[in-house]
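Everything below concerns the one structure shown next.
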Amino acid sequence: MAYPYTHEREVRVMSRGFGDPASRTVEGWRKLGGYAALEKALEMAPEDVVEEVKASGLRGRGGAGFPAGVKWSFMPRDKQGPHYMLVNADESEPGAFKDRELIRWTPHQVIEGALIAAHAIRAQDVYVYIRGEFFEPALILGRAIEEAYQKGLAGSNILGTGTDIDVTIHLGAGAYICGEETALMNSLEGRRGQPRVKPPFPAASGLFAAPTTINNVETVCSVPHIVTNGGAWYRQWGPEKSPGTKLFNMSGHVVRRGNFELPLGFPMDELIFDVCGGIRNGRKLKAVIPGGSSVPILTADEIQGLACDYESVAEAGSMLGTASMIVMDDQTNMVTQVRRMVEFYAHESCGQCTPCREGTGWLVSILRRIEAGQGTLEDVDTLLGVAKNVTGTTICVLSDSSAAPIVSWINKFPDDIDRLVGGRRAGAGTAAAGTAAAEA
Amino acid sequence: MGIGVKKVRRPEEGTSYVRAALKGMALTFRHLVNTETVTHQYPDEKPSIAPRWRGTHRMEVHADGRPKCVACGLCPTICPANCIRLVPGEDDQGNRYPIVYEIDEYRCIFCGMCQEVCPVEAIHVGQDYEAAEFTRERFVYDLDRLMAQDHPVTALWDPSDPLSE
Amino acid sequence: MANRSDASDQITCTIDGQEVTVPRGTTILDAAEQMGIGIVHYCYHPALSAPAMCRMCLVHMEGAPKLVPACVSPVADGAVIQTDAPLAEEARTGVLEFYLVNHPLDCPVCDAAGECKLQDYVYQEGRKHGRSVEPKRVLGQDDFGADVLYDGDRCIMCTRCVRYMREIAEDDRLCVVQRGNRSVIDTFFGEGLDGSPFASNIIDICPVGALLSKDFLHKARAWDLDRTPSICPNCSQGCNITLDTRDNLVQRLKPRHNPEVNSYWMCDYGRYRYEWINRGTAPYPYGMPAPAGLEADEGDGSALPPAALPDRATISELRLESPMMRRDGVPVPVGWQEAILGLLERLRAVSGGIQVIGSPHHGNEDNGLLKRVQEVVGGDDAVYRAARAAAEVVLPGFQKLARRRDLAANTRGLDALGFRRVGDDSAAGGLAPPASALIVLGDPLADLPAKAMADAELVVYMGAVISPTLEKADFLLPLTSFAEQEGTFTNFEGRVQRFWPALNPPPMARPAWQVLGVILAGLQDGVAPASAGDAFLRLAELYDPFSGLSYPVLGTLGSMLNEPVRLRAGEEG
């Protein structure tokens with residue numbers, strides 16, 4: 001097929017419409033089996049939908065991997081005020097581009113999944129918060145929503161069942177932090193996009209202080225297939241604790257870059273060397289960031305035989321996150337890479353908590369100096385010390401995310417930094433140092 | 001009852017003035033013929049003083065002639081003799097500076113704490129001891145006079161031995 | 001407290017090894033505060049919402065996955081909290097270091113030095129150097145309008161000011177602009193804080209020197225100031241304040257916490273009208289009517305005192321510094337004893353009773369004893385004059401506080417003592433040339449013609465300054481102003497509150513209660529009070545509204561008139 005790259009080992013459940021503009025219409029989506037799930041779900045009791053999703057073991061695809069069904073079951077059963085269903089389409093993690101493709105090619109899949117989720121949590125409103133830069137996807141989704149309204153698939157009295165659910169798009173203004181669920185809510189309410197202190201959690205007091213569930217686009221897109229085919233069907237893929245299929249966003253120095261839908265638990269080395277066709281220009285693999293820029297890096301050795309599921313990657317000392325893999329070849333300068341990453345976080349820090357506001361900026365200054373060859377060994381210690389101090393001291397985890405790469409990169413690839421500061425730190429580069437730093 | 005008086009008999013050598021007078025004269029005569037004179041020909045000849053000598057004050061100035069003082073108020077606070085008067089203000093560039101800065105050298109005990117406390121190294125005690133004046137009012141040095149002083153400033157500690165060990 | 005004993009409302013937790021029982025919902029920070037454990041914080045302010053963003057108050061709670069912010073986390077029943085756990089200490093040290101990364105450390109030129117939380121915490125911690133060697137971010141200063149100057153470099157982004165303007169002033173004029181370490185506080189499109197009548201409170205709540213008062217800029221160092229608890233004399237709200245004085249001059253007014261009157265706030269109108277206190281006069285001294293526009297335009301609270309006040313030197317020449325007695329048609333300085341004896345002689349000879357004019361800028365004791373003198377000598381015409389503004393200016397987020405219409409501190413006290421208000425809203429007119437004997441307290445009667453006193457049997461003037469009208473008075477007795485003596489004011493709602501002496505009066509000036517007390521003793525009406533507290537007790541005996549009140553009862557927060565009060569345990573005497 002024509003969609004940039006596909007592979008015979010893919011399991012195309014969510015990505016079945018990718019590359020085919022026809023699937024952007026209601027008709028096209030129905031041809032692919034769409035809206036059957038919505039019809040089925042609306043006839044089910046909300047609790048039954050939640051149970052089905054719980055049975056499937058679907059885990060949130062936004063990065064944390066929290067079971068979606070369990071999250072839905074946190075919503076109060078006796079509805080006393082409005083409930084809200086939010087779809088987090090503020091996909092801003094460097095390396096991630098799965099939600100954009102889902103919205104671009106199969107907007108009705110998003111709408112259908114969101115409507116089912118809204119039904120399950122007894123919400124009467126769905127808000128889709130789309131990242132400001134996603135202008136084309138927002139247009140496509142907007143057209144799809146209009147069409148769904150016209151065909152009686154959204155709005156009042158959906159499919160004649162008497163259920164009313166409105167779907168609204170909200171375009172963000174391009175802040176990374178608005179992908180954090182509570183910052184997203186603040187932004188949606190018209191405030192500054194700054195994360196809120198938790199507790200209270202969204203299920204108790206979220207958008208407009210009402211019970212709210214927020215799910216990633218990919219999570220929502222998995223739901224219709226689970227409802228149609230049942231939770232047990234979904235469990236045919238992946239290990240016990242991370243069932244199902246997942247879009248892997250491959251970028252960096254691989255031959256074939258793009259989205260690949262694979263069962264969870266797929267071996268990472270096969271993903272890179274078989275599905276993606278190996279490293280460009282015949283170079284050697286140096287490192288992989290397995291789940292978007294916020295997670296610790298893995299070396300070429302560490303990914304040998306590593307299964308791509310939440311537990312296995314966590315055991316290897318990193319996180320699967322959004323499964324947005326950035327692959328780096330042996331020509332990559334890790335100091336430059338980490339500087340660019342941290343610059344991103346410093347730029348995107350909302351400025352609320354002091355450790356993040358001042359810390360990320362400080363980290364950038366140190367890294368810039370080191371990269372320019374003006375750093376010293378003490379600077380590396382300072383760098384690690386600052387990275388430690390920004391971890392766990394803030395409201396959200398943006399600063400943790402900026403610190404995690406620094407610590408793991410410095411410890412796993414000491415050569416790059418040692419060359420620049422002209423000396424080797426005691427104990428650097430050993431496995432023990434890497435583990436200790438990762439734990440810190 | 002009578003008062004018991006104890007009479008002490010001192011030896012003749014200890015009470016005779018002749019001996020002492022001769023001793024003193026001997027010293028005088030010895031210096032008369034001594035070639036190594038110790039008299040300083042002051043004021044033609046100034047004695048050298050220790051680098052840690054604390055004398056009358058001096059205010060350091062910037063290259064453009066402004067005083068270095070930022071009118072932080074620490075010296076009047078620390079001054080044990082309460083001899084510094086300071087009125088802070090803002091100059092045309094928005095910098096804090098002393099509108100009035102006066103030190104009453106007559107009250108000053110030359111402890112040097114003002115120099116030690118100064119965060120911008122503006123006020124110093126100096127290696128100067130010629131502070132005589134005809135009136136008491138003249139002992140109150142204003143800012144201009146402090147800035148015009150040109151004697152060397154005091155080293156509060158020996159740079160090679162900062163802890164005086 | 002009594003109905004709070006319900007077990008479900010009270011929970012017990014352990015903080016730093018000590019058990020404490022607090023109402024459910026109390027935050028860790030408040031609970032610790034009750035026990036005398038101070039948890040450091042910047043963004044938290046008891047009167048504002050808590051965003052938990054300064055990250056200084058992180059404490060260790062057993063069972064919590066990471067450190068919890070004490071300012072927003074309610075204590076749970078049985079929770080074990082350690083404020084000084086090694087992890088918490090480490091986090092605090094780390095966070096404090098971040099504050100210093102871009103802070104200019106210009107304490108020598110910063111007005112907040114000495115009352116700066118950043119200074120305090122760093123000093124407390126004992127850090128000598130930060131690790132940062134990077135160049136600091138430079139943002140510069142920004143004039144926010146009104147009296148507020150913003151220094152972006154010193155700002156620690158606690159957003160107390162933003163939240164104050166949003167939640168208390170309900171006048172959303174400040175916001176955070178930009179994000180990350182480029183954040184600054186700014187006003188909208190240069191609109192500024194002009195015309196916001198309570199804006200200067202943000203200077204008080206700023207924990208560092210980022211928000212400065214232009215009026216106080218470079219005027220005095222915090223450690224040079226003497227702070228005296230007092231009551232704002234500029235309107236009848238009776239805000240609790242401190243008079244910050246130096247060199248026997250008031251340098252600024254700062255609000256003092258009183259949950260019943262002004263919380264942590266005060267208005268700009270009161271805050272910047274302190275020059276008259278230094279002169280020892282009434283707010284609108286001799287020869288000066290109330291400033292133009294005061295009645296008409298009160299919407300903005302007119303932040304700064306009018307520029308056209310006569311300078312201090314001119315006014316201080318008018319200060320009455322010695323008792324004067326008319327001899328052969330000429331006032332001559334005399335000693336107090338001579339003046340009082342002479343006055344007693346004349347008072348005993350008064351035929352048709354006396355008229356008294358009280359002053360709303362003097363305390364209850366002064367006016368009450370004046371009224372008593374009238375009752376003893378005879379006569380029933382007791383009046384006072386006070387300036388009045390056109391409207392109140394209410395603080396929306398704390399509606400108990402407003403700049404009241406009466407622009408004098410003690411109008412309610414005078415009403416309670418039986419004085420009658422005369423004259424117009426600029427404290428002028430309403431007085432006929434006196435025919436009988438007259439005792440004037442405080443009011444220089446500047447609007448009366450000089451010959452108005454010609455027909456009076458006896459004119460006694462007690463006050464701080466004199467005017468040409470009074471040069472023909474028979475007795476001129478120098479008084480201390482409210483800032484130079486102890487006493488009480490009664491605010492608009494009848495709350496009697498104490499103030500304390502902050503300034504040294506001229507050597508011969510005496511408090512009015514003392515002078516009047518001696519006169520009363522001379523008229524065989526009791527013994528002269530030895531202190532302001534005695535004079536107040538006398539008041540409580542004589543006048544019903546004050547009955548039951550005494551200085552110990554008033555305490556620091558004051559008590560209401562007409563309310564039967566009991567001494568609380570341990571406060572007897």
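Proteins get letters first, then strands, A, B, ... in listed order; numbering begins at 1 in each. Remember, predicted model here, so these are calculated numbers, not experimental data.
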Part of A:Ile177 within contact of chain C (heavy atom distance under 4.5 Å): neither
May I ask you to check whether over 12 heavy atoms, not counting those of C:Arg127, lie within 6.0 Å of atom CZ? yes
Under a 4.5 Å heavy-atom cutoff, which of A:Gly361, A:Pro355, A:Gly351 has the most pairs with chain C? A:Pro355
Pairwise distance CG(C:Leu100) to CD(A:Glu358) - rounded to 0.5 angstrom: 9.5 Å
Smallest separation among heavy atoms of C:Ile156 and A:Arg357, with atom names: O-NH2, 3.0 Å
Between C:Arg55 and A:Thr393, what is the shortest heavy-atom contact and its length? NE-O, 2.7 Å
To the nearest 0.5 Å, how far apart are CG in C:Asn102 and OG in A:Ser365? 8.0 Å
With the side chain counted from C-beta on, respond yes when A:Thr354 and C:Met53 share a heavy-atom pair under 4.5 Å apart, and no when they do not. no
I need the residue from A:Val390, A:Asp379, A:Thr394, A:Val386 with the largest number of non-hydrogen atom pairs under 4.5 Å to chain C. A:Thr394
Counting heavy-atom pairs under 4.5 angstrom with chain C, the leader among A:Pro195, A:Ser349, A:Gly193, A:Pro199 is A:Ser349
Would you name the heavy atoms of C:Ala52 and A:Val197 that are closest together and state the gap between them? CB-CG2, 3.7 Å
Closest approach of C:Arg182 to A:Ala346 (non-hydrogen atoms, all atoms of both residues): NH1-O, 3.7 Å
Which atoms of A:Arg196 approach chain C - backbone, side chain, both or neither, heavy atom under 4.5 Å: neither
For C:Phe188, is the CZ atom crowded, meaning more than 12 foreign heavy atoms sit under 6.0 Å from it? yes
Nearest heavy-atom contact between A:Ala175 and C:Arg179 is CB-NH1, 3.7 Å
Minimum side-chain heavy-atom gap C:Glu134-A:Trp362 below 4.5 Å: yes
Look up atom CZ in C:Phe98 and atom SG in A:Cys353, then write down how far apart they are to the nearest 0.5 Å. 11.5 Å
Between A:Cys350 and C:Ser183, what is the shortest heavy-atom contact and its length? O-OG, 4.4 Å
Taking NZ, NE, NH1 and NH2 as the nitrogens, is one of them in C:Arg131 or A:Glu378 under 4.0 Å from a carboxylate oxygen of the other? no
Non-hydrogen side-chain atoms of A:Lys388 and C:Glu90 separated by less than 4.5 Å: yes
